[in-house]
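Quick one: structure below, then a few questions.
Just so it is clear: chains get the letters A, B, ... in the order the sequence lines come, proteins before strands, and each one is counted from 1. Because the structure is predicted, anything quoted here is derived from the model rather than measured. As a basis for the values below, the full set of heavy atoms in this structure was taken, side chains included, without hydrogen atoms, waters or symmetry mates.
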Amino acid sequence: MTVRVRFAPSPTGYLHVGGGRTALYNWLFARHHGGAFILRSDDTDAQRSTDEFRADILDSLGWLGIDWDEGIEVGGSHGTYRQSDRFDRYREVAEGFVASGAAYYDAATSDDLKLIRDQATASGSSPVYDGRHQLSIEAAQHRVAAGDPPPIRFAVLRPGETRFEDAVRGEVVFDHANVDDFVILRSDGSPTYHLASTVDDVDYAITHVIRGEDILSSTPKHILITEAMGAERPTYAHLSLLNGPDGKKLSKRHGDTAIRAYRDAGFLPPAVVNFLAILGWSPGDDEEIVSLQDMVERFELGSVSKNPAVFDTTKLEWMNGVYIRQMSPEAFAIELGRLVAGDLGRELSEAETQSLVDLAPLVQERAKLLTEVAPQVRFLFVDELEYDRASWDKVMATPEALAVVEGARSALAGSEWTHQGVEAALRTMLDEQGLSARKGLQPLRVALTGSSVSPPLFESIVAVGRDRALERLAVAKKRIG
RNA sequence: GGCCCCGUCGUCUAGCGGCCUAGGACGCUGGCCUCUCAAGCCAGUAACGCCGGUUCAAAUCCGGUCGGGGCUACCA
């Protein structure tokens, strides 16, 4: 039997990191087994589903590099893969259940339900609706004719129990005394999640349902529906949820949870993928930087951890730096050029591009985020330098600042304009003044780049060019004096 | 309240009864390198929630307890 898994987000929000991880694990599982990964849109909630979210989910998956073999956009042999297009099918199944006695039309009002809940709470038992207000077919037809159609509920057999072997959690048992007769078709004729999702899993021949732990308690309902359809149940695997640093369920409160926020913040897709993969799954050895190919080879549901993970981006930032350093110098230079152009709001000239390419490797080995990189080389492309206030105050107030800036002007005026030439000229000047490089170079760094933190100085000076370098030293001297 | 899941360093995890004086990674601290910041290298810091039981032996098995999370909708 070939493996078929699906990721079935509902477009009621941006694709968040938890959803991204679920998608990734499904994808990894499918690729590992040479099976099919299917992308479905669980959009039965017409009120909250939007096109913006539909687009974001597609964009974010694409950005992560997760592709799918069947599903929305790419098609396949199961229709549109959008639940909103399959309401007739769900109704057909629900009505079939009524005919076979597996489900019934129900007349319970919200007051009836509330009473049952209150009584259950008071007596310390489970708040379970048991079908005491179910309608006969005739009575239901009357209500339909009267324009007040009743919902259809699934009749859970009690006493009874549903047990299954969860691929990550092991055996899980639910006593039917705690599973109530749930609505499968709403009074407006639309299916609930339980029905639509399960019917799709059966119709699309899904073999493994890998999803968040938040649906673990709904699983008996899904198994019951599956069996009522006369189908074989899939293997279920419930992934633990992601928590915020305070241990509570991850939410907006904890900062960015949308995948797109990480793209915007300057993270690389492979870094995010690697981080998400490691968050709750262990590749088996002590190495945490894992290539996609290795992930596919080693991924198993058995090595997915059961306990919830805190989504802490500290390690992600480190990992992103690793991936940035892993880029080829050429690829990084191109990316840097793009970022700088965006930062400046204009295209770069050929000469500018060349100086950027020269400096790019030095920026690359320092970067953690793509977004921090353009500001670091901005000094190369502006006519007038903006000085970082704290840097200036700290460095230019020192006694050696003025002397060094002046000394550098004459030293650089006659030096050979290469890294070695500039370095030799400045070191000689420093020697003459009896200053260490450590102290003597900082004023020059601020004078030439505007900040006490910059790419290595000699290379930066060369990239700035002699005329501008001398001009900046003159400006700095004036400012000091 | 009821049901279900989970509980190893601050964080992510390895560990499947003896190899555990509990390993790795990130972070943090210190050092080396050094023109700043990074990177790199080296060292250090720090955990089996608690109580019982089983066993010659328990982080590993069992029970309880405490703690956290999820579900408890005609949301998904």
Next on the checklist: Applying a 4.0 Å non-hydrogen cut-off, can you work out what A:His238 is touching in the nucleic acid: base, sugar-phosphate, or nothing?
Outcome noted: nothing
Item to check | Distance, P atom - from B:G44 to B:G24, rounded to whole angstrom | outcome: 10 Å
Checklist entry - Contact class for A:Ser305 (heavy atom, under 4.0 Å): base, sugar-phosphate, or nothing? => result sugar-phosphate
Next on the checklist: Counting only side-chain heavy atoms from C-beta out, which of B:G70, B:U13, B:C5 sits nearest to A:Leu216?
Outcome noted: B:C5
Item to check | Nucleotide-resolved protein contact map, nucleotides 37-45 of chain B, B/S/- at heavy-atom distance under 4.0 Å | outcome: BBSS-----
Next on the checklist: Please classify the nucleic acid contact of A:Glu459 as base, sugar-phosphate, or nothing, using heavy-atom distances under 4.0 Å.
Outcome noted: base
Next on the checklist: Any donor-acceptor pair under 3.5 Å linking the side-chain atoms of A:His238 with those of A:Thr219?
Outcome noted: yes
Next on the checklist: Students often get this wrong, so: under 4.0 angstrom with heavy atoms, is A:Ser187 touching a base, only sugar-phosphate, or nothing?
Outcome noted: base
Next on the checklist: It should be established whether A:Arg153 places a side-chain nitrogen or oxygen under 4.0 Å from OP1 or OP2 of nucleotide B:C74.
Outcome noted: yes
Next on the checklist: Under a plain distance cut-off of 3.5 Å, with no hydrogens placed, do A:Ser10 and A:Arg48 share a side-chain donor-acceptor pair?
Outcome noted: no
Next on the checklist: Using Watson-Crick or G-U wobble geometry with both distances under 3.5 Å, which nucleotide pairs with B:C66?
Outcome noted: B:G7
Next on the checklist: Measuring only the P atom in each nucleotide, how far is B:U29 from B:C35? A whole number of Å is fine.
Outcome noted: 23 Å
Item to check | Length of the NZ-C1' vector between A:Lys306 and B:A14, whole Å | outcome: 14 Å
Checklist entry - Counting any heavy atom closer than 4.0 Å, what does A:Val173 reach on the DNA or RNA strands: base, sugar-phosphate only, or nothing? => result sugar-phosphate
Next on the checklist: Distance check, C1' atoms only: B:C66 and B:C50, in whole angstrom units.
Outcome noted: 7 Å
Next on the checklist: Considering every strand and a 4.0 Å limit on heavy-atom distances, what is the contact class for A:Ala309: base, sugar-phosphate, or nothing?
Outcome noted: sugar-phosphate
Next on the checklist: Measuring from the side chain of A:Arg48 (C-beta onward, heavy atoms only), which nucleotide among B:A76, B:G23, B:C12 has the closest atom?
Outcome noted: B:A76
Checklist entry - Do A:Ser217 and B:C3 share a donor-acceptor pair, side chain to base, under 3.5 Å? => result no
Checklist entry - At under 4.0 Å between heavy atoms, what does A:Phe458 touch on the DNA or RNA strands: base, sugar-phosphate, or nothing? => result base
Next on the checklist: Can a side-chain donor-acceptor contact be found between A:Tyr90 and A:Asp200 if the only test is distance below 3.5 angstrom?
Outcome noted: yes
Item to check | A:Trp281 and A:Phe299 aromatic ring geometry - parallel, tilted or perpendicular at 30°/60° bounds | outcome: tilted
Next on the checklist: Can you tell me the base-pairing partner of B:C41? Count Watson-Crick or G-U wobble geometry only, both distances below 3.5 Å, and say none if there is no partner.
Outcome noted: B:G31
Next on the checklist: Need one value for A:Gly440: base, sugar-phosphate or nothing, where a base atom within 4.0 Å counts as base even if backbone is also close, heavy atoms only.
Outcome noted: nothing
Checklist entry - With rounding to whole Å, what would you report as the distance between B:C74 and B:A14 at their P atoms? => result 39 Å
Checklist entry - With respect to the phosphate group of B:G70, does any side-chain polar atom (N or O) of A:Asn243 fall under 4.0 Å of OP1 or OP2? => result no
Checklist entry - Can you tell me if A:Thr109 and A:Asp111 form a side-chain donor-acceptor pair at under 3.5 Å? => result no
Checklist entry - What distance, rounded to whole Å, do you find between the two P atoms, one in B:G31 and one in B:U13? => result 33 Å
Checklist entry - Which part of the nucleic acid, if any, lies within reach of A:Arg445 when heavy atoms closer than 4.0 Å are counted: base, sugar-phosphate only, or nothing? => result base
Item to check | Presence of donor-acceptor pair under 3.5 Å, side chain of A:Lys315 and base of B:C12 | outcome: yes
Checklist entry - Phosphate oxygens OP1/OP2 of B:A76: is one of them under 4.0 Å from a side-chain N or O of A:Thr44? => result yes
Checklist outcome for this item: Whole-Å distance, A:Leu115 CG to B:A73 C1', equals 17 Å
Next on the checklist: For the P atoms, the ones on B:G17 and on B:C62, what distance do you get once it is rounded to whole angstrom?
Outcome noted: 12 Å
Checklist entry - Are the aromatic ring centres of A:His222 and A:Tyr193 under 6.0 angstrom apart? => result yes
Item to check | Pair partner, B:A59 [Watson-Crick or wobble, under 3.5 Å] | outcome: none
Next on the checklist: If only side-chain N and O atoms count, and only distance matters, is there a donor-acceptor pair under 3.5 Å linking A:Gln141 with A:Tyr105?
Outcome noted: no
Checklist entry - To the side chain of A:Thr314, which of B:C26, B:C35, B:C12 is closest? => result B:C26
Item to check | Nearest-angstrom distance, C1' atom, B:U34 to B:C19 | outcome: 43 Å
Checklist entry - In Watson-Crick or G-U wobble terms, both distances under 3.5 Å, what is the partner of B:G1? => result B:U72
Checklist entry - Of all the choices, B:C3, B:C74, B:A76, which nucleotide is nearest to the side chain of A:Pro151 once you look at every atom? => result B:C74
Checklist outcome for this item: A:Ser126 has its side chain closest, among B:U13, B:C35, B:G2, to B:G2
Next on the checklist: Aromatic contact between A:Tyr104 and A:Phe154, with the criterion being ring centroids under 6.0 Å apart: yes or no?
Outcome noted: no
Item to check | Nearest-neighbour nucleotide for the A:Leu241 side chain, B:G69, B:C3, B:U13 considered | outcome: B:G69
Next on the checklist: Could you tell me how far apart A:Leu279 (CG) and B:C26 (C1') are, to the nearest whole angstrom?
Outcome noted: 12 Å
Checklist entry - Could you give the CZ-to-P distance, from A:Arg117 to B:C71, as a whole number of Å? => result 16 Å
Checklist entry - Touch check for A:Pro308, heavy atoms < 4.0 angstrom, all strands: base, sugar-phosphate only, or nothing? => result sugar-phosphate
Next on the checklist: Give me the distance, rounded to whole Å, that separates B:U21 from B:A59 when you measure between the P atoms they each carry.
Outcome noted: 9 Å
Checklist outcome for this item: Of B:U11, B:C4, B:A25, the nucleotide closest to the side chain of A:Glu288 is B:A25
Checklist entry - Is the closest side-chain donor-acceptor distance between A:Thr449 and A:Ser451 under 3.5 Å? => result no
Checklist entry - A:Asn307 CG to B:U13 P: how many Å, rounded? => result 6 Å
Checklist entry - Are A:Phe275 and A:Tyr262 an aromatic pair by the rule of ring centers under 6.0 Å? => result no
Checklist entry - What is the distance from CD1 of A:Ile278 to P of B:G24, rounded to the nearest Å? => result 17 Å
Next on the checklist: Looking only at side-chain N and O atoms, does A:Ser126 offer a donor or acceptor that is under 3.5 Å from a partner on A:Asn178?
Outcome noted: yes
Checklist entry - Of all the nucleotides listed (B:U72, B:C12, B:C4), which has the minimum atom distance to the side chain of A:Val172? => result B:C4
